[in-house]
Amino acid sequence: MQKNPDQCQFVVTMESIVGKWKPSIIYHLLQGKPLRFNELRRLLPNITQRMLTLHLRQLEEEEILSRVIYPQIPPKVEYSITEYGMTLAPIMEALHQWGVTHIERKKLGEAKKEQIPASDD
């Protein structure tokens, strides 16, 4: 079985940025302001603490975000997008625009279905 190198690169990309919460985390950090853990939790109210921790660690391992620990009591930790992570900005914008278009398309499709009169066989 031959492997398609282009597909492998695509899979690696998708594993790095896709998940229920990763795109939202990346989106919020792309706004440019470093965020603390609890700030991210407020921005993503349905995420669990465990899942946020897991995704933050994975994004840090991928060097998409950086984690800075300030030596104070209580400890202060901030997350920010890295220069490398900033390269995702056009990709995330394209995904956002596609999503907007897709939602509108679905709404139009649903509206058309509602306008079709039921047949009285």
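Quick caveat: nothing in here was measured; it's all calculated off a predicted structure.
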Trainee: Is Glu104 reaching over with its side chain to a backbone N or O of Val100, donor-acceptor style, under 3.5 angstrom?
Mentor: no
Trainee: Compare all side-chain heavy atoms of Arg36 with those of Glu39 and state whether any distance is below 4.5 angstrom.
Mentor: yes
Trainee: Answer with yes or no whether the hydrophobic clustering places Tyr27 together with Trp98; edges join I, L, V, M, F, W, Y residues whose side-chain heavy atoms lie under 4.5 Å apart.
Mentor: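 No.
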Trainee: Are Leu108 and Ile103 connected in a single hydrophobic cluster, I mean Ile/Leu/Val/Met/Phe/Trp/Tyr linked by side-chain heavy atoms less than 4.5 Å apart?
Mentor: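 Cluster IDs for Ile103 and Leu108 differ.
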Trainee: If I compare all heavy atoms of Ile47 with all of Leu44, which pair ends up nearest, and what's the gap?
Mentor: CG2-O, 3.0 Å
Trainee: For a quick test of reading the model, state the closest non-hydrogen atom pair linking Trp21 to Met51 and the distance between them.
Mentor: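 Where Trp21 meets Met51 most closely, the heavy atoms are CD1-CG, 3.6 Å.
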Trainee: Enter the distance from Asn46:CG to Arg41:CZ here, rounded to the nearest 0.5 Å.
Mentor: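 Answer rounded to 0.5 Å: 10.5 Å.
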Trainee: To the nearest 0.5 Å, what is the distance between NZ on Lys22 and CD on Gln58?
Mentor: 4.0 Å
Trainee: Considering only residues two or more places apart or on different chains, which pairs with a residue in residues 78-99 satisfy salt bridge (charged side-chain N to carboxylate O under 4.0 Å, His left out)?
Mentor: Lys76-Glu78
Trainee: Working to the nearest 0.5 angstrom, can you tell me the gap between Ile26 CD1 and Ile64 CD1?
Mentor: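 Reported to 0.5 Å precision, the distance equals 5.0 Å.
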Trainee: Treating Ile, Leu, Val, Met, Phe, Trp and Tyr as nodes and any side-chain heavy-atom pair under 4.5 angstrom as an edge, say whether Ile91 and Leu30 lie in one connected cluster.
Mentor: yes
Trainee: May I have the step-by-step check of side chain to side chain contact (heavy atoms under 4.5 Å, CB included) for Leu56 and Tyr79, ending in yes or no?
Mentor: CA-CA 8 Å; Leu56 288 170; Tyr79 297 91; 3.7 Å; yes
Trainee: Could you tell me whether Phe37 atom CZ has more than 12 heavy atoms of other residues or ligands within 6.0 Å of it?
Mentor: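 Check passes, neighbour count above 12.
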Trainee: Does a side chain donor of either Ser66 or Ser80 reach within less than 3.5 Å of an acceptor in the other side chain?
Mentor: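 Looking only at side-chain atoms, Ser80 and Ser66 do form a donor-acceptor pair, the distance falling under 3.5 Å.
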Trainee: Rounded to the nearest 0.5 Å, how far does NE2 of His28 lie from CG of Leu40?
Mentor: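 It is 7.5 Å, given to the nearest 0.5 Å.
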Trainee: So do Leu35 and Leu43 actually touch side chain to side chain, heavy atoms under 4.5 Å?
Mentor: yes
Trainee: Nearest 0.5 angstrom please: Ile81 CD1 to Leu59 CG, how far?
Mentor: 8.0 Å
Trainee: When rounded to the nearest 0.5 angstrom, what distance separates CG in Leu29 from CE in Met92?
Mentor: 10.5 Å
Trainee: Step through the shown structure and confirm whether more than 12 heavy atoms of other residues, nucleotides or ligands are within 6.0 Å of CD on Glu63.
Mentor: no
